[in-house]
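Quick caveat, the model's predicted, so the values are computed rather than measured. When reading the values below, keep in mind they use all heavy atoms of this one structure, side chains included, and skip hydrogens, waters and symmetry mates.
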Amino acid sequence: MNSKEIKDTTNNYVMNTYGRYDLVIDHAHGSVVYDKDGNEYIDTVAGIAVNNIGHTHPKVAEVIKQQAEKMIHVSNLYYTQEQADYARRLVEKSPHDKVFFANSGAEANEAAIKLARKYTHKGEIISMIDSFHGRTLTTITATGQPKYQKGFEPLPAGFKHVEYNNIKQVEDAITDQTAAVLVEPIQGESGVRVPDEDYLPKLRQLCDEKGILLIFDEVQTGFGRTGKFFASEITGVVPDITTSAKAIAGGIPMGAMLASDKVASAFKPGDHASTFGGTALACSVASCVLDIFEEEELVKKSHENGIYFREKLNALKEKHSCIKDVRGHGLMNGVEVDADCSEFVAEAQKRGVLINVANGNVIRLVPPLNITREQLDKVVDVIDEILP
Ligand SMILES: Cc1ncc(COP(=O)(O)O)c(C=O)c1O
């Protein structure tokens with residue numbers, strides 16, 4: 001099929017839930033994707049913070065081949081070495097003791113909400129305005145953006161939303177029925193919003209005082225994205241539950257929900273399950289992703305190249321008065337502009353760079369963590385060219 005045929009066939013046969021950009025991607029390597037005509041694009045979208053190790057990493061390709069020949073999937077009724085190995089490694093990377101494997105961020109958050117309710121015997125979850133936690137009925141309800149909920153009522157009960165970065169509002173929302181506070185350490189979908197330094201520590205203190213659980217949704221911020229392995233390490237706050245997905249298995253669907261032994265003990269056999277949760281294939285690829293993180297020092301690269309990138313983006317502020325803010329941690333960055341962003345994505349694409357606009361006015365830049373400085377320079381040059 002040529003590009004037009006691919007677009008037409010997709011539009012004819014796939015439900016119309018995505019506003020797609022006008023690009024057919026044919027293949028991808030490292031931080032570069034290629035269209036059907038062989039044109040190259042530096043990818044700062046990276047599957048929306050999924051391809052942290054870059055596209056088609058040769059080690060991942062090799063592991064997928066080997067594992068596919070050995071065993072792809074058996075039921076969680078049985079034990080596998082792949083799951084045992086990876087569970088130990090992921091838990092050791094986290095501040096937690098136990099993991100539940102899912103297939104996506106939304107499912108990891110669903111599992112966290114179920115665990116919090118089962119552990120506390122309480123129903124209310126407080127989450128944040130402008131948050132994003134997924135597209136299942138429960139996670140759109142936790143998501144503090146009415147546009148994702150409209151038309152899907154009735155929504156599950158027990159959710160309240162308060163302003164992000166506002167401790168007082170959380171305090172006022174807590175009742176004797178509150179089970180947990182669910183929060184992104186940095187809000188992603190609403191435009192890379194970084195809270196004040198004392199916000200998460202104060203949230204931890206408040207949850208401790210009130211005896212409620214603190215859940216960090218690290219689906220987007222996890223796996224080195226913010227220059228730490230988990231973003232919780234930026235402030236040193238240890239949540240009771242962490243959820244993860246996106247970059248965890250290099251693009252193979254996987255999610256995880258991690259908790260302390262004490263909290264995790266509320267789940268008994270039969271309380272929660274997922275057919276595909278923690279397959280041998282996903283776990284062996286996820287283990288390989290951890291190897292790549294270590295060998296290529298990706299957390300360090302994210303931190304150091306993030307500083308380099310933000311310096312260059314900040315320098316653009318001098319030239320473009322439409323830039324209101326440059327913010328982020330590691331290689332999770334946003335450039336907030338006071339300008340019409342509608343043409344930016346297409347203009348950057350014409351110049352060989354894929355970008356994404358979050359919340360209407362923030363250019364969100366979440367490239368692979370092994371992107372080179374030369375590639376980052378090109379991204380900055382293109383942003384310089386397209387901004388008024
Ligand atoms: C913070 C956060 N939580 C949850 C999700 C949902 O993840 P998934 O699309 O894998 O269900 C996303 C996706 O963008 C996210 O950014």
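Judged by the 6.0 Å and 45° rule, R193 forms no cation-pi pair with Y164.
The main-chain N or O of S232 is found under 3.5 Å from a side-chain atom of E218 such that the two form a donor-acceptor pair. K262 places no side-chain N or O within donor-acceptor distance of the main-chain N or O of A259, the cut-off being under 3.5 Å. No side-chain donor-acceptor contact under 3.5 Å links D196 to the backbone of Y199.
The side-chain heavy atoms of F223 and L369, taken from C-beta on, include no pair separated by under 4.5 Å. For the pair L213/V263, a side-chain contact is recorded, criterion being any heavy-atom separation below 4.5 Å from C-beta on. At a threshold of 4.5 Å between non-hydrogen side-chain atoms, the residues I48 and E189 count as touching.
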Report the C-alpha separation of Y308 and D377 in whole Å, then their side-chain angles, then the decisive distance to 0.1 Å, and conclude whether the side-chain contact (heavy atoms from CB on, under 4.5 Å) test is met.
CA-CA 10 Å; Y308 174 82; D377 290 346; 2.6 Å; yes
Derivation and outcome, side-chain contact (heavy atoms from CB on, under 4.5 Å), residues V181 and L203
CA-CA 9 Å; V181 173; L203 212 47; 4.3 Å; yes
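Among residues two or more places apart in sequence or in another chain, the side-chain hydrogen bond (donor to acceptor under 3.5 Å, both in side chains) test is passed with E318 by none.
With respect to the salt-bridge test (charged N to carboxylate O, under 4.0 angstrom), the residues K65 and E69 qualify. A salt bridge is absent between E171 and K210; no separation between the charged side-chain nitrogens and carboxylate oxygens falls under 4.0 Å. Salt-bridge annotation for D172 and K168: present, with a side-chain N of the basic residue lying under 4.0 Å from a carboxylate O of the acidic one. Salt-bridge check for D271 with K114: failed, with every basic side-chain N at 4.0 Å or more from each acidic carboxylate O. Salt-bridge check for R89 with D85: failed, with every basic side-chain N at 4.0 Å or more from each acidic carboxylate O. Ion pairing between a basic and an acidic side chain is recognised when a charged N comes within 4.0 Å of a carboxylate O; R204 and D240 show such pairing.
In E295, the CD atom is crowded: over 12 heavy atoms of neighbouring residues, nucleotides or ligands sit closer than 6.0 Å. Atom NZ of K202 has 12 or fewer heavy atoms from other residues, nucleotides or ligands within 6.0 Å.
We find the CZ-CG distance between R327 and L313 to be 12.5 Å, quoted to the nearest 0.5 Å. Note that CE of M254 is 6.5 Å distant from OG1 of T279, once rounded to the nearest 0.5 Å. Expressed to the nearest 0.5 Å, how far NZ of K7 lies from CG of N2 amounts to 9.0 Å. Note that the CG atom of L365 and the CG atom of L354 stand 11.5 Å from one another [nearest 0.5 Å]. The line from NZ of K228 to OG1 of T235 is 10.0 Å long, rounded to the nearest 0.5 Å.
Between Y34 and Y41, the distance from one ring center to the other does not fall under 6.0 angstrom.
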